2 protein chains.
Amino acid sequence: MGKGITIEDVASAAGVSRQTVSRVMNQSPRVSPEARTRVEQAIAALGYVPSLAARSMAGGRSRLLLAVFESPSPETQATLGLDRLLPAGTLACSPHGYRLLLEPIAPESAPAASDAQLAATIGAVQPDGAILLPPLDSRADLRAALESRKVPVQTLHGTGAPVENPGEAAAQHLLDRGHRQIGFITGPSDPGHAEYCLAGYRSALARKGSRAHRHFVAEDRPDLGDVLDLARAWLVPTIRPTAIITMRSEAALAVLHVAQALKLAVPRDLSLIALEDDPALARSHPPVAALHDPAPDRFAAACTRMITALENRDAPRSDPPVSAITLTERASLARAPRAI
Amino acid sequence: MGKGITIEDVASAAGVSRQTVSRVMNQSPRVSPEARTRVEQAIAALGYVPSLAARSMAGGRSRLLLAVFESPSPETQATLGLDRLLPAGTLACSPHGYRLLLEPIAPESAPAASDAQLAATIGAVQPDGAILLPPLDSRADLRAALESRKVPVQTLHGTGAPVENPGEAAAQHLLDRGHRQIGFITGPSDPGHAEYCLAGYRSALARKGSRAHRHFVAEDRPDLGDVLDLARAWLVPTIRPTAIITMRSEAALAVLHVAQALKLAVPRDLSLIALEDDPALARSHPPVAALHDPAPDRFAAACTRMITALENRDAPRSDPPVSAITLTERASLARAPRAI
DNA sequence: TTGAAAGCGCTAACAG
DNA sequence: CTGTTAGCGCTTTCAA
């Protein structure tokens, strides 16, 4: 079909010069309504799409944004979730005519190596901006490599409030519902993240004066038997947690199973929250509440911020609020049965 | 640092014309060794990187490949694994100076809608080729939309042998080790994929005359209790499977737990294979064997094939073999204990 | 409000 | 083997 339709084709079809077509595409106000209409019709009729490369050369703007992320190594099994991040970001960019370009960075790469890599990319594509995805957003060397070459940087944090700690958020939800004896089971994957969430949980409990974190913190093991044993050890005694937070969804399911085997009703006798959502959680009986990670939304927001900053290079724009961690409430949640 | 270094800068630094620089970059043989050396030194010294946009305009080749994938909808939780696919593809492209561009397609999108979307992308970036990622590789409308606009298409299949069926591969491994009573537990996610794997398992067993598939096929349930019950129902009787295949890694762990509780030794009395690998499988006791999905390698191979096809537009290139599904053997595997 | 001219950085033709 | 001449499709800058 339409092969090689250029601005020139549109111009002659509309009976104007290419400048006028260009002005219409670039939202310039200095075009008469009639001319604009004719051009728009010609564009639609011909199925014209301006060439990114040509616009990039002539205008100095590539309309390309770099999505800089850490490429997963065999051991770093930390799931980044690109499956959902990338479509969200792409969707946010496309209405503005922007596109995302991938830039995987090897984990723990030497600053010099990643600097060279970024230099090559910047030279080749001259991106208008870059989004540093976690956990890369804390790498000062990458940010410096980008900014020293005049590439503006955004992260998922935006300019708003700092991101909540998932462990803290879950603990707070339970504290708000009256729970004090709250247990926490970390996941075996990604020690750094586990430590981070655990710290959040601890500080939330400490704020309320609960000491549960001294008794009810345990590490998740890959062996199902270990998790089941752990759950039994916590739930059989009279003094037991009224709520448990698990990092892995599987661990939540295992705890649920033990509770039911012990004739403890969920959520009446025990509330459950997983820090990671999974379809299986929604389908279990009862369904288990989980924290919803808004990373895709925050990535989309970062792209939008980048683009608005690029377009209105001066206007005092106020960034929309950063979406926060939300809890997907399911039947595994109830108020604490009583004060213990 | 280096801002706006062009071919012209390199040319004057090396004391040649830009054409010579261009020839060096494009591997043209028609350059004297001395000139080549001086140009290469100048390139290195200046940190010159040619502009993709300019090369695209002048040469007609964008050096951009479209990665067309299905954007995951809330329900279509089928994990595509972009986390590992994309870095692998990027790595395969970059040594050739190519880059990947994302093209998410909404699931079950109307052919007209995705055609329009692809038309817009093709017009804007004029990709040199496109890789259709599963499950999109079977959508004839997408392939047509691409090819009618002269965009060559590749899939993960390559030109080699068709991809193995994971269910069949796992069953075959066990059959080869003498097992006949082989159970199969499907995953609750992605019914289509489950059906596909199950069919492969069935045909493998049928070939060997085993009838186990009439007795030992079950559907995985999100409730852990259900899976544990299922495992007990299979393993308590005297006539029981000597091997079990599970689609989800969690189910394999659950079966392992039940077996051990029943004093069945794994792998002596029961062999286990999961169709999906997971770090937890490697860390359990004993570690559980799993099929290794070579999708990232096959994606990288598809990119390489695309690029070689693009470069030697005529040469009768023979594609390297497509990597097959491999089994990550772990201690959960043994020969069948006896004929039953 | 519009058009004409001049490139952006590179490669494809040609000459030498 | 090397340099020269034209553009690629668009936006910018300047005139009209």
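For clarity, every value in this text was computed on a predicted model and none was experimentally measured.
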Whole angstrom is fine here: how far is it from [atom1] in [X] over to [atom2] in [N]?
| X | N | atom1 | atom2 | value |
| --- | --- | --- | --- | --- |
| B:Glu34 | D:dT2 | CD | C1' | 13 Å |
| B:Arg23 | C:dC10 | CZ | P | 15 Å |
| B:Arg30 | D:dT2 | CZ | C1' | 11 Å |
| B:Met57 | D:dT11 | CE | P | 11 Å |
| B:Leu46 | C:dG9 | CG | P | 14 Å |
| B:Arg18 | C:dG9 | CZ | C1' | 8 Å |
| B:Arg55 | C:dC8 | CZ | C1' | 16 Å |
| A:Gln19 | D:dG9 | CD | P | 15 Å |

Handout entry: Donor-acceptor pair, side chain of B:Arg298 and main chain of B:Leu156, under 3.5 angstrom
Key =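 At least one qualifying donor-acceptor pair exists.
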Practice task
For B:Ala53, answer base if it contacts any base atom (sugar-phosphate contacts may also be present), sugar-phosphate if it contacts only those atoms, and nothing otherwise; contact means non-hydrogen atoms under 4.0 Å.
Solution key: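 Contact class for B:Ala53: none.
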What's the closest nucleotide to the side chain of [X] if the choices are [options]?
| X | options | answer |
| --- | --- | --- |
| A:Pro50 | D:dC10, C:dC10, D:dT2 | D:dC10 |
| A:Tyr48 | D:dC10, C:dT2, D:dC8 | D:dC10 |
| A:Ala54 | D:dG7, D:dC10, D:dT2 | D:dC10 |

OP1 or OP2 of [N] versus the side-chain N and O atoms of [X]: is any pair under 4.0 Å?
| X | N | value |
| --- | --- | --- |
| B:Thr20 | D:dG3 | yes |
| B:Ser32 | D:dT2 | yes |
| B:Ser22 | C:dT11 | yes |

Practice task
Give the minimum heavy-atom separation between A:Thr155 and A:Arg305, together with the two atoms involved.
Solution key: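 Looking at all heavy atoms of both residues, the closest pair is O-NH2, 2.8 Å.
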Practice task
Please check if any side-chain donor atom of A:Gln126 sits under 3.5 Å from a side-chain acceptor atom of A:Ser62, or the reverse.
Solution key: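 No pair is found: no donor N or O on one side chain lies under 3.5 Å from an acceptor on the other.
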Practice task
Compute whether any side-chain donor of one residue and acceptor of the other, for A:Thr121 and B:Arg99, lie under 3.5 angstrom apart.
Solution key: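 Indeed, the side chains of A:Thr121 and B:Arg99 share at least one donor-acceptor pair under 3.5 Å.
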Handout entry: Whichever of B:Glu8 and A:Ser17 has its nearest DNA chain C nucleotide further upstream toward 5'
Key =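 Looking at the nearest nucleotide for each, A:Ser17 comes out on the 5' side.
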Problem - Salt bridge present between A:Arg61 and A:Glu311 (N-O < 4.0 angstrom) - result: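 A salt bridge links A:Arg61 with A:Glu311.
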